[in-house]
Number of protein chains: 2
Amino acid sequence: MEPGSKHFRKRDAILAYLRTTDQHPSAETVYASLKPQIPDLSLGTVYRNISLFKQQGLIVSLGSVNGVERYDGNIDPHVHFVCTGCGTISDLHGMHVPEELNAAASREADAMVDHCHLTFHGRCRECC
Amino acid sequence: MEPGSKHFRKRDAILAYLRTTDQHPSAETVYASLKPQIPDLSLGTVYRNISLFKQQGLIVSLGSVNGVERYDGNIDPHVHFVCTGCGTISDLHGMHVPEELNAAASREADAMVDHCHLTFHGRCRECC
DNA sequence: TCGTAAACGTGAATGATTCTTATTTACGAC
DNA sequence: GTCGTAAATAAGAATCATTCACGTTTACGA
């Protein structure tokens with residue numbers, strides 16, 4: 001938002017939160033995290049804006065873990081690890097999917113591929 | 001089931017269907033596909049058995065597409081393409097995630113990785 | 001000050017999935 | 001064969017994440 005404007009206050013807070021955290025939160029988590037600072041925030045607003053950000057490509061969905069969709073405000077491609085015990089998602093910045101695989105996938109699928117997700121699943125140290 | 005036994009009739013039909021198709025169906029799709037042959041099949045049975053198969057490692061979940069979970073009866077690791085238009089999931093048998101990446105991920109995540117999913121997203125020829 | 005459109009809060013609606021409960025089924029012991 | 005038991009099931013209610021509908025608030029420009 002423009003400085004001094006109160007327009008889009010909540011929308012911006014939601015996006016800022018998603019961009020700041022590395023927790024890959026759910027909508028509920030975003031809501032719970034912002035509620036103390038923004039007492040009149042509603043869950044509907046969180047869902048509405050998250051869905052807007054997704055459309056605009058400002059955030060990405062990481063899919064659902066235990067039936068709850070998770071989001072990432074860091075849109076440059078990276079690899080994830082999901083703990084099947086506690087549901088924690090963490091970034092694996094040390095690994096990369098070679099860009100050229102997208103082209104290979106396009107060819108094999110006979111489709112227009114625009115991105116891919118590489119996700120490892122297992123149990124973190126705390127969960128086993 | 002043992003030959004000659006009628007025990008586990010529906011359970012086996014569900015597993016057989018999942019192993020036979022390459023459609024990566026949802027629970028609803030499994031139900032609709034088997035209903036004609038098994039008129040007294042119920043959706044609850046499909047969900048119950050799918051959840052059992054998942055636990056036992058007989059099938060894998062591919063995550064949700066448009067809010068609906070999808071399953072694969074082919075449990076050896078392979079790559080998928082998901083069309084964001086029509087929701088079709090197809091196999092990319094020509095591509096592989098090198099086994100040794102699991103070890104690298106274990107190391108970086110400090111966790112016990114047991115499998116990974118590589119999924120490309122885009123639009124199939126019919127959808128654009 | 002007024003009009004307008006975007007953003008929002010609230011609560012109802014939706015829909016996939018899970019749970020509950022009573023029923024059916026197969027099989028072993030007698 | 002009959003009875004007891006445990007697994008599998010059908011049916012429908014319940015749950016819960018997400019979306020929708022609608023009336024209200026807010027900011028800004030005319």
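Lettering of chains follows the sequences in order, A, B, ..., and the numbering in each one begins at 1. Every heavy atom of this structure was used, including side-chain atoms; hydrogens, water molecules and symmetry mates were not.
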### Query
With a 6.0 Å cut-off on ring centres, are B/H117 and A/H121 close enough?
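Yes, the ring of B/H117 comes within the 6.0 Å limit of the ring of A/H121, centre to centre.
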May I have the distance from [X] (atom [atom1]) to [N] (atom [atom2]), rounded to whole angstrom?
X: A/K10; N: D/dT25; atom1: NZ; atom2: P; answer: 12 Å
X: A/L41; N: D/dT26; atom1: CG; atom2: P; answer: 15 Å
X: B/I14; N: D/dA8; atom1: CD1; atom2: P; answer: 12 Å
X: B/R11; N: C/dA26; atom1: CZ; atom2: P; answer: 14 Å
X: B/I38; N: C/dT25; atom1: CD1; atom2: P; answer: 15 Å
X: B/L52; N: D/dA8; atom1: CG; atom2: C1'; answer: 11 Å
X: A/I50; N: D/dA17; atom1: CD1; atom2: P; answer: 14 Å
X: B/Q56; N: D/dA7; atom1: CD; atom2: C1'; answer: 14 Å

Quick test: give all pairs of protein nitrogen or oxygen and nucleotides 16-19 of chain C nitrogen or oxygen below 3.5 Å, distance rounded to 0.1 Å.
residue: C/dT17; atom: OP1; partner: B/E69; partner atom: N; Å: 2.9
residue: C/dT17; atom: OP2; partner: B/Y47; partner atom: OH; Å: 2.5
residue: C/dT17; atom: O5'; partner: B/Y47; partner atom: OH; Å: 3.4

Backbone of [Y] reached by a side-chain donor or acceptor of [X] within 3.5 Å:
X: A/R70; Y: A/G87; value: yes
X: A/H93; Y: A/D91; value: no
X: A/K35; Y: A/L41; value: yes

### Query
Which pair of heavy atoms, one from A/I14 and one from A/V46, lies closest together, and at what distance?
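Nearest pair, atom of A/I14 first, then A/V46: CD1-CA, 3.8 Å.
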#### Entry: Minimum-distance pair of heavy atoms, taken over all atoms of B/L58 and B/I75
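Result for this residue pair: O-CG2, 3.4 Å.
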#### Entry: Base paired to D/dA30 (Watson-Crick or G-U; both N/O distances under 3.5 angstrom)
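Paired with D/dA30, as far as the under-3.5 Å criterion goes, is C/dT1.
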### Query
If you check the A/S42 side chain, which of C/dC8, D/dT9, C/dT10 turns out closest?
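In terms of side-chain proximity for A/S42, the closest of C/dC8, D/dT9, C/dT10 is C/dT10.
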### Any pair counted as side-chain hydrogen bond (donor to acceptor under 3.5 Å, both in side chains), so long as it reaches residues 52-69 of chain B, sequence neighbours left out
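Qualifying pairs: B/K54-B/E69, B/S61-B/E69, B/E69-B/Y71.
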### Query
Taking OP1 and OP2 of D/dT26, is either one under 4.0 Å from a side-chain nitrogen or oxygen of A/R9?
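Looking at the OP1 and OP2 atoms of D/dT26, neither is under 4.0 Å from any side-chain N or O of A/R9.
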### Message
Any side-chain N or O of A/R48 below 4.0 angstrom from OP1/OP2 of D/dT19?
### Response
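It does not, given that no N or O in the side chain of A/R48 lies less than 4.0 Å from OP1 or OP2 of D/dT19.
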